[in-house]
Amino acid sequence: MKLTVLILTKNEEKNIERAIKSVLDIAEEIVVLDSGSTDRTVEIAKNLGAKVFFREFDTYSDQRNYGLSICNGDWILVLDADEEVSEKLRENIKRELENPKFDCYEIPRRTYYLGRFLKYAWYPEYRKRLFRKGKVRYEGKLHEKVICDGKVGRLEGDLYHYSFKNLYHQFIKNIEYARIMAEIMHSEGKKFKLYKLIINPFVIFFKLYFLKLGFLEGTRGLIIAFSGFLYVFLKYAFLYELKLKEKYKDKLWL
């Protein structure tokens, strides 16, 4: 079975080499879909044998769906530029594709956070990443959803995720994602509810710190739980701001 690896990029020169090298021995084709890198991302990808294409970015779903359309493999593995396929996962992918039992496969993702890999708080984050060509499409404007037309199985072996450069990077991304999600909610006609601003941040904190055993990660787990709290709080705070802007359109202070 021919396997294509699809990677979306923009200014990923610090990550792209690690991602590509982790799949060189299992991929017959590596497709990098770039959205306008101004660093050495494209050069590095080409030097490692990847096919590089360009498309102006609009949404993650549209970008991924276009990427799927230019892949030639019977199977597609979707990889983020800040991810790396572990040795165990590579072996399991090769073994499974010799006699596939499912149309789509979920893979556990393990995040590298503040100096080492997490064991609990964000693990395992199962992601549908390996699938037969033509069996999957993406939907959603921010956190895209994978729609699989077929049976879904699971693979063992971690997908390593190097998501944040530092805490500043993490919290800046949280603020930006919260703002974008509020705009999406507002555009879909969802109304601001005060109880959600008050209750939902504590719900996600409880989930991350206690139900997902974040407390076993020590201080890192506490920071992760608080980052979830902050994201949810800001999402509803931004939604409230948009409500006020709509109500007081003529007020310069908004």
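Everything numeric in this text was worked out from a predicted model, so none of it was measured.
With no hydrogens or angles considered, no side-chain donor-acceptor pair links Glu83 and Tyr162 at under 3.5 Å. Using a 3.5 Å distance cut-off with no hydrogens or angles, the side chains of Asn92 and Glu156 do not pair a donor with an acceptor. For Tyr160 and Arg110, the side-chain atoms include no donor-acceptor pair closer than 3.5 Å. The closest side-chain donor-acceptor pair between Ser227 and Gln170 falls under 3.5 angstrom.
A salt bridge (Lys or Arg N to Asp or Glu O under 4.0 Å) with Glu96 holds for exactly one of Arg90, Arg132, Lys101, Arg154; it is Lys101. Residue Asp80 forms a salt bridge (Lys or Arg N to Asp or Glu O under 4.0 Å) with just one option from Lys10, Arg127, Arg64, and that option is Arg64. When each of Ile147, Thr59, Leu68 is checked for a side-chain contact (heavy atoms from CB on, under 4.5 Å) with Tyr138, only Leu68 meets the rule. Ile30 pairs in a side-chain contact (heavy atoms from CB on, under 4.5 Å) with only one of the listed residues (Thr4, Leu6, Leu24, Leu3), which is Leu24.
Closest heavy-atom contact between Ala237 and Leu197: N-CD1, 3.8 Å. Across Ala225 and Tyr209, no two heavy atoms sit closer than the pair CB-CB, 3.8 Å. Closest approach of Ile224 and Ala121 over heavy atoms only: CD1-CB, 3.9 Å. The minimum heavy-atom distance between Ala182 and Phe238, with the atom names listed, is CB-CB, 3.5 Å. Closest approach of Ile204 to Gly228, counting heavy atoms only: CG2-O, 3.4 Å. Considering every non-hydrogen atom in both Ser163 and Asp82, the closest pair reads CA-OD2, 3.6 Å.
Residues Val136 and Lys128 form no side-chain contact, since every pair of their non-hydrogen atoms from C-beta on lies 4.5 Å or further apart. In this structure, His186 and Lys243 have side chains that are not in contact, with every pair of non-hydrogen atoms separated by 4.5 Å or more. Inter-residue side-chain proximity for Leu89 and Leu159 is flagged as met; some heavy-atom pair is nearer than 4.5 Å. Two residues are said to be in side-chain contact when any heavy atoms from C-beta on lie closer than 4.5 Å; Ser35 and Gln63 meet this criterion. Contact annotation: the side chain of Phe233 never approaches that of Phe205 to less than 4.5 Å [non-hydrogen atoms, C-beta and beyond]. Leu230 places a side-chain heavy atom less than 4.5 Å from the side chain of Phe171. Phe131 is not listed as a side-chain neighbour of Asp103, based on a closest heavy-atom distance of 4.5 Å or more. For the pair Ile223 and Leu167, the minimum side-chain heavy-atom distance is below 4.5 Å.
Judged by distance alone, with hydrogens and angles left aside, the side-chain atoms of Arg129 form a donor-acceptor pair with the main-chain N or O of Val78 at under 3.5 Å. Judged purely by atom type and a 3.5 angstrom limit, Tyr236 has no side-chain atom pairing as donor or acceptor with the backbone of Leu239. Side-chain atoms of Ser86 come within 3.5 Å of backbone atoms of Asp158 as a donor-acceptor pair (strictly under, hydrogens ignored). Side-chain atoms of Thr41 come within 3.5 Å of backbone N or O of Glu12 as a donor-acceptor pair. Looking only at distances, no side-chain donor or acceptor of Glu144 sits under 3.5 Å from a matching main-chain atom of Ser61. With Asp39 contributing its side chain and Glu13 its backbone, the two residues share a donor-acceptor pair below 3.5 Å. Between the side chain of Asp74 and the backbone N or O of Lys2, at least one donor-acceptor pair lies under 3.5 Å. Under the 3.5 Å distance criterion, the side-chain polar atoms of Ser22 are matched with a main-chain donor or acceptor of Val85. Side chain of Arg220 to backbone of Arg116: a donor-acceptor contact under 3.5 angstrom is found.
Rounded to the nearest 0.5 Å, atoms CG (Asn47) and CD (Glu17) are 9.5 Å apart. Distance check, rounded to the nearest 0.5 Å: CD of Glu241 to CD of Glu246 gives 13.0 Å. Rounding to the nearest 0.5 Å gives a distance of 9.0 Å between CH2 of Trp122 and NE2 of His161. Between the CD1 atom in Ile107 and the CD atom in Glu125 there is a gap of 13.0 Å [rounded to 0.5 Å]. Taken from CG in Leu48 to NZ in Lys21, the straight-line distance is 6.5 Å, to the nearest 0.5 Å. Of the inter-residue distances, the one linking Glu56 atom CD with Asp34 atom CG reads 10.5 Å to the nearest 0.5 angstrom.
Each of Leu77 and Val146 belongs to its own hydrophobic cluster when Ile, Leu, Val, Met, Phe, Trp and Tyr are linked at side-chain heavy-atom distances under 4.5 angstrom. Cluster annotation: Ile20 and Ile44 are assigned to the same hydrophobic cluster (Ile/Leu/Val/Met/Phe/Trp/Tyr, side-chain heavy-atom contacts under 4.5 Å, transitive).
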Next on the checklist: Would Phe117 and Thr111 count as a side-chain contact (heavy atoms from CB on, under 4.5 Å) here? Give the steps.
Outcome noted: CA-CA 6 Å; Phe117 285 104; Thr111 298; over 6 Å; no

Checklist entry - What do the steps show when you test Lys94 against Glu98 for salt bridge (Lys or Arg N to Asp or Glu O under 4.0 Å), and what is the final call? => result CA-CA 7 Å; Lys94 286 192 290 186; Glu98 291 175 0; over 6 Å; no

Item to check | Check against side-chain contact (heavy atoms from CB on, under 4.5 Å), Ile7 and Leu33 | outcome: CA-CA 6 Å; Ile7 308 174; Leu33 179 57; over 6 Å; no

Checklist entry - After noting the C-alpha distance and the side-chain angles of Val23 and Leu79, does the key distance pass the side-chain contact (heavy atoms from CB on, under 4.5 Å) rule? => result CA-CA 10 Å; Val23 295; Leu79 189 65; 4.2 Å; yes

Next on the checklist: Apply side-chain contact (heavy atoms from CB on, under 4.5 Å) to residues Phe102 and Val152 and explain how you reach the verdict.
Outcome noted: CA-CA 6 Å; Phe102 300 93; Val152 180; 5.8 Å; no

Next on the checklist: Apply ring pair (Phe, Tyr, Trp, His ring centres under 6.0 Å) to residues Tyr123 and Tyr120 and explain how you reach the verdict.
Outcome noted: CA-CA 5 Å; Tyr123 182 79; Tyr120 306 102; 8.8 Å; no

Next on the checklist: Applying side-chain hydrogen bond (donor to acceptor under 3.5 Å, both in side chains) to Glu217 and Tyr113, what does each step give before you reach the verdict?
Outcome noted: CA-CA 10 Å; Glu217 305 280 7; Tyr113 186 74; over 6 Å; no

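Environment of OH in Tyr231: crowded, with over 12 heavy atoms of neighbouring residues, nucleotides or ligands closer than 6.0 Å. Open room surrounds NZ on Lys46; 12 or fewer heavy atoms of other groups in view lie less than 6.0 Å from it. The environment of NZ in Lys14 is sparse: at most 12 heavy-atom neighbours from other residues, nucleotides or ligands sit within 6.0 Å. Within 6.0 Å of atom CD in Glu87, 12 or fewer heavy atoms from other residues, nucleotides or ligands are found, so the atom counts as exposed in its surroundings.
Between Phe210 and Phe215, the ring planes are tilted. Angles from 30° to 60° get that label. Under the 30°/60° scheme for interplanar angles, the aromatic rings of Phe192 and Tyr240 are found to be tilted. Phe202 and Phe229 have perpendicular rings, their planes meeting at more than 60° on a 0 to 90° scale where under 30° would count as parallel.
Glu176 has no carboxylate O lying under 4.0 Å from a charged side-chain N of Lys173, or vice versa, which leaves the two without a salt bridge.
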